[in-house]
Structure formats: C-alpha cells, structure tokens
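To start, the structure under review is shown below, and the notes come after it.
One-based numbering along the sequence shown.
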Amino acid sequence: MPMNLLHRKLCSSGKWADYVAEELPRRLEGFELGDNVLELGPGFGATTSVLAELAPKLTSLEIDDASVAHLRAKFGDRVTVVHGDGARMPFEDNTFSAVVCFTMLHHVPTTALQDAIFAEAHRVLRPGGIIRATDSQLSFWFRLLHIGDTMNVLDVSTLPDRLARAGFAEVEIEHVPKQIVTFSAVKSG
C-alpha cells in the first residue's frame, strides 16, 4: 500500500532530511558498521545520505520502483541501489558486515514478513555482523500520519524472542513508549 500524500511530503522534505542528519549518527554511536553495509528500505534516501558518508561500501535495498529510480539518480555510483524485497533478499549468505533499517519496519504489512526480514538479515550478515534498527512507536500523531498507509508497529515485548528465532544473539533494545524503539543484535559465529 503506498504512503499517503502527507506522509510522502514529510518523508521527502528537507526538514525530515535535516532531522535524520542530526539524529541518525547518535543512533549509530558505539556501533561499528564495518566495511560493507546493507540498508533496508531507504525510501526517499534521507538515511542513505548519512550512511553514504559513514560506510566504505553501502548497498540499499528498496522494494518501490519509483524510489529505486530516485535513489539511483540521487546517489549514482556512491551507493549500490538494488530493487528487491527484504523478505527475499537477492544477496549471497554472509555478505554484509552490518544490516541497518530506520523507520521502515512499520511499513511491512505483517509480523510474518517482518520476521522474514529478520531471518534474511541474519542470513546475509557475516558471522559477528550486526543489525541496527529504529522504528516509530504508536502515538496519536503517528497514527494520524498513517491514515491510509500500512502501519504495523513493532511489539517491543515480543521483539527479543523474534530476533532470537531469526538466529540473533546479544539483543539490545532501547524503548521510549509512544516514540521510538531502537534495537541491535549480533549474528553469532
């Protein structure tokens, strides 16, 4: 289901890009992303702009055709933009040093598909690689912004078990109710 007009305008705005440029480095503080990073669901590319400066090699996986074209035009050869589904990633096992996704998991329509994304992230990570992600939590404004959009908010109480079932260890979760959940986990081995 496509994003509604208000949501698209917000996520493609300079204000949102400025917010992400300020906030995202703080969300990554203390985490070594390594040499080959996979970003899931970059959308309009605000997070990609930040990650492109931090990662020696960045691949962005995007499911939306129009967004893929926009990202390729915007980043050229600085970022490898791949059209594909995070629940069925077109990458070899043990490829990436880190998998990251920011404010996109609530756009995945079912918990089963979110779990498939976690399992695929585990598969494509190298042993010792990390997943680092943030997502918004349910609030009045968040609900209002998503009228007519897909909105499947992560259940923080089940997240540790879901990540463990995908094969992850060392799960860490930071949660600010009605605002944000930030989590990380490691592929053992």
Side-chain angles (χ1 to χ4, degrees), residues 20 23-43 45-64 67-68 71-72 75 77-136 152-156 158-175 180-189:
V20 168
E23 186 65 23
L24 188 55
R26 284 199 290 258
R27 298 285 172 194
L28 293 171
E29 236 171 55
F31 290 90
E32 177 57 47
L33 296 180
D35 64 339
N36 191 7
V37 177
L38 173 62
E39 176 188 28
L40 302 178
T47 53
T48 311
S49 292
V50 175
L51 291 167
E53 300 301 319
L54 300 175
K57 182 177 180 187
L58 178 62
T59 302
S60 293
L61 180 65
E62 174 58 52
I63 197 167
D64 178 70
S67 294
V68 168
L71 293 164
R72 286 178 177 161
F75 294 104
D77 62 359
R78 289 179 40 220
V79 177
T80 302
V81 179
V82 176
H83 182 251
D85 183 346
R88 292 179 296 282
M89 294 185 200
F91 306 113
E92 297 291 324
D93 295 358
N94 306 312
T95 299
F96 298 99
S97 56
V99 173
V100 296
C101 58
F102 303 104
T103 63
M104 63 70 69
L105 286 166
H106 65 274
H107 288 287
V108 178
T110 67
T111 300
L113 283 173
Q114 289 174 344
D115 288 346
I117 289 170
F118 296 152
E120 281 290 277
H122 184 271
R123 181 184 67 76
V124 302
L125 275 170
R126 298 174 192 153
I130 65 162
I131 184 171
R132 180 71 171 162
T134 65
D135 209 43
S136 301
N152 182 25
V153 177
L154 291 172
D155 180 347
V156 176
T158 63
L159 191 54
D161 288 338
R162 293 170 65 193
L163 290 166
R165 279 194 306 273
F168 286 104
E170 300 178 43
V171 175
E172 294 182 15
I173 297 175
E174 304 161 43
H175 180 225
I180 193 167
V181 59
T182 304
F183 65 91
S184 62
V186 177
K187 179 174 180 173
S188 299

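Salt bridge annotation for Arg132-Glu174: present, with a cationic side-chain nitrogen under 4.0 angstrom from a carboxylate oxygen.
Residue Arg78 comes nearest to Ala52 through the heavy atom pair NH2-CB, 3.5 Å, listed as atom of the first residue, atom of the second, then distance. Between Ser97 and Val37, the shortest heavy-atom distance links the atoms OG-N, 4.2 Å. The two atoms that bring Asp135 and Leu105 nearest to each other are OD1-N, 3.4 Å, heavy atoms only. Scanning both residues, Phe168 and Ala185, for their nearest heavy atoms gives CB-CB, 3.6 Å. A pairwise comparison of heavy atoms in Ala87 and Ala116 identifies CB-CB, 3.8 Å as the closest pair. Looking at every heavy atom in both residues, Val68 comes nearest to Val82 through CG2-O, 4.5 Å.
The environment of Arg26 atom CZ is dense: over 12 non-hydrogen atoms of other residues, nucleotides or ligands sit within 6.0 angstrom.
Judged purely by atom type and a 3.5 angstrom limit, Arg123 uses its side chain to pair as donor or acceptor with the backbone of Phe91. Between the Gln114 side chain and the Arg162 main chain, no donor and acceptor come within less than 3.5 Å of each other. Between the side chain of Ser136 and the backbone N or O of Thr103, no donor-acceptor pair lies under 3.5 Å. For the pair Ser49 (side chain) and Gly45 (backbone), a donor-acceptor distance under 3.5 Å is present. Between the Asn36 side chain and the Leu58 main chain, no donor and acceptor come within less than 3.5 Å of each other. Side-chain N or O atoms of His175 include none that pairs as donor or acceptor with a backbone N or O of Thr182 at under 3.5 Å. When atom types are taken as modelled, the side chain of Lys187 and the backbone of His122 share a donor-acceptor pair closer than 3.5 angstrom. Judged by distance alone, the side chain of Glu120 and the main-chain N or O of Met89 form a donor-acceptor pair under 3.5 Å.
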Under the criterion side chain to side chain contact (heavy atoms under 4.5 Å, CB included), I'd like the reasoning laid out for Phe183 against Leu154: C-alpha separation, chi angles, the key distance, then a yes or no.
CA-CA 11 Å; Phe183 65 91; Leu154 291 172; 3.9 Å; yes
Leu61/Leu38 under side chain to side chain contact (heavy atoms under 4.5 Å, CB included): CA gap, chis, key distance, verdict
CA-CA 7 Å; Leu61 180 65; Leu38 173 62; 4.1 Å; yes
Under the side chain to side chain contact (heavy atoms under 4.5 Å, CB included) rule, what do Ile173 and Val181 come out as? Steps first, then yes or no, please.
CA-CA 7 Å; Ile173 297 175; Val181 59; 3.7 Å; yes
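Note that CD of Glu39 is 11.5 Å distant from CZ of Phe96, once rounded to the nearest 0.5 Å. Separating the CD atom in Glu170 from the OG atom in Ser184 is a distance of 8.5 Å, to the nearest 0.5 Å. The CZ atom of Phe102 lies 4.5 Å from the CG atom of Leu28; values are rounded to the nearest 0.5 Å. Note that CG of Leu125 and CD1 of Ile130 are 8.5 Å apart. Values are rounded to the nearest 0.5 Å. Here the CG atom belonging to Asp155 is positioned 8.0 Å from the OG1 atom belonging to Thr111, to the nearest 0.5 angstrom. For the atom pair CG (Asp115) and OG1 (Thr158), the distance works out to 8.0 Å, reported to the nearest 0.5 Å.
Between Ser60 and the options Leu51, Val79, Thr80, a side chain to side chain contact (heavy atoms under 4.5 Å, CB included) holds for only Val79.
There is no side-chain donor-acceptor pair under 3.5 Å between Arg27 and Thr134.
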